[in-house]
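Each ligand, and each atom within it, is numbered from 1 in the order the structure gives.
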Amino acid sequence: MKAAVLEAYNAPLALCEVPDPEPGKAGAVIRVEANGICRSDWHAWAAHWPGFLELPHVLGHEMCGIVEAVGPDVKRFAVGQRVIVPFSGGDGVCSWCGDGLPHICDDPVMPGFRSWGGFAQYVAVDQADRNLVVLPEAVSFLAGAGMGCRFMTAFHGLTERVRLGAGEWIVVYGCGGVGLSVIEIASCLGAQAIAVDIGSDKLALAGELGATATINAADVDDPAAAVRDLTAGGAQVSVDALGIQQTCTNAVNSLTKRGRHLQIGMTNGQTGGRLEVPIDDVIGKELEIFGSKGMPAQNFPAMLRLVAAGRLDPARLVTKTVPLEEAGAVLATMGSFDTLGFTVIDRF
Ligand SMILES: [Zn+2]
Ligand SMILES: [Zn+2]
């Protein structure tokens with residue numbers, strides 16, 4: 001099969017022929033129809049996580065496609081079915097999987113990270129019965145690819161972690177793919193979303209996706225103060241979708257008392273995975289801090305119903321599609337944070 005192979009960090013991907021994957025006994029092989037290029041792919045490509053990948057490697061963890069082959073133990077899926085492959089799968093063995101939380105599995109199944117991913121024509125997925133999700137006919141492959149990582153991480157964060165309520169104010173710092181996902185989902189849930197970024201094109205898209213207000217952080221001295229003014233005291237929920245000190249601090253400073261902060265943006269490695277949090281405010285204002293990583297496969301139906309009903313559309317975030325040959329060039333541009341929305345590979 002054809003694959004875009006990561007042979008060295010910060011270098012162009014090598015487009016080459018590699019052996020077709022085979023399904024394990026409980027696994028499946030998926031013919032990839034669409035695969036999003038995520039900020040996490042860029043983090044991995046730029047060597048922000050030393051030791052995380054074994055090279056050569058094939059990135060790509062936002063994929064959907066058609067089941068091409070299944071192992072003898074697979075019961076729930078058959079050749080020809082349309083499926084999404086959530087990146088945060090589980091082994092089905094550890095206590096977290098037993099508690100229905102496979103997205104934080106001790107030995108996770110993560111195509112694109114722990115095994116070869118969707119920058120290729122085919123992908124093998126272990127434990128297919130628990131780690132694949134049926135993609136309804138009414139939902140396009142582009143929308144399906146949009147749901148494999150950023151969109152579902154945002155949905156899980158808002159619905160299962162901070163439990164965003166209708167009418168609440170939520171402020172989102174950083175309107176890249178995951179930040180815009182938060183805006184669209186928050187709006188669908190009836191919350192009032194404020195988008196903060198320094199890119200006017202990103203803020204314009206946030207407005208189209210339902211943001212109640214937008215703030216260009218380059219135009220104000222203190223974005224958090226602007227948020228507190230807009231919300232008459234502070235937002236109930238803040239999201240740092242970027243993962244740098246400035247956005248994390250501003251997000252927490254935007255909260256009202258008893259506010260909930262959701263951290264989705266990962267650090268860029270330069271801070272050793274650490275960011276400071278104003279801990280006296282956490283105490284004094286009784287704030288809560290949450291993380292969100294992926295989403296359990298069994299929670300997909302609730303999100304897919306909203307997509308099939310037209311209430312949510314991850315495909316609105318897809319601003320560009322590219323052939324596999326261009327995946328590496330897209331990664332190489334992501335260091336400038338200029339990309340808008342999702343770029344999805346749809347030709348293999
Ligand atoms: Zn597990
Ligand atoms: Zn991702």
_Within rounding of 10°, what is the angle whose vertex is the Zn ion (ligand 1) and whose arms end at SG of Cys97 and SG of Cys94?_
120°
*Can you give the angle Asp91 OD1 - the Zn ion (ligand 1) - Cys105 SG, rounded to 10°?*
90°
*Taking the six-membered ring for Trp, are Phe113 and Phe52 parallel (under 30°), tilted (30 to 60°) or perpendicular (over 60°)?*
tilted
*Do Glu208 and Arg316 sit within salt-bridge range, that is, some charged N less than 4.0 Å from a carboxylate O?*
no
_Electrostatic pair Glu168-Arg260, nearest N-O below 4.0 angstrom_ = yes
_Working to 10°, measure the angle at the Zn ion (ligand 2) formed by atom NE2 of His61 and atom SG of Cys149._
110°
*Kindly give the heavy-atom pair with the smallest separation between Leu262 and Arg161, and that separation in Å.*
CD1-CB, 4.3 Å
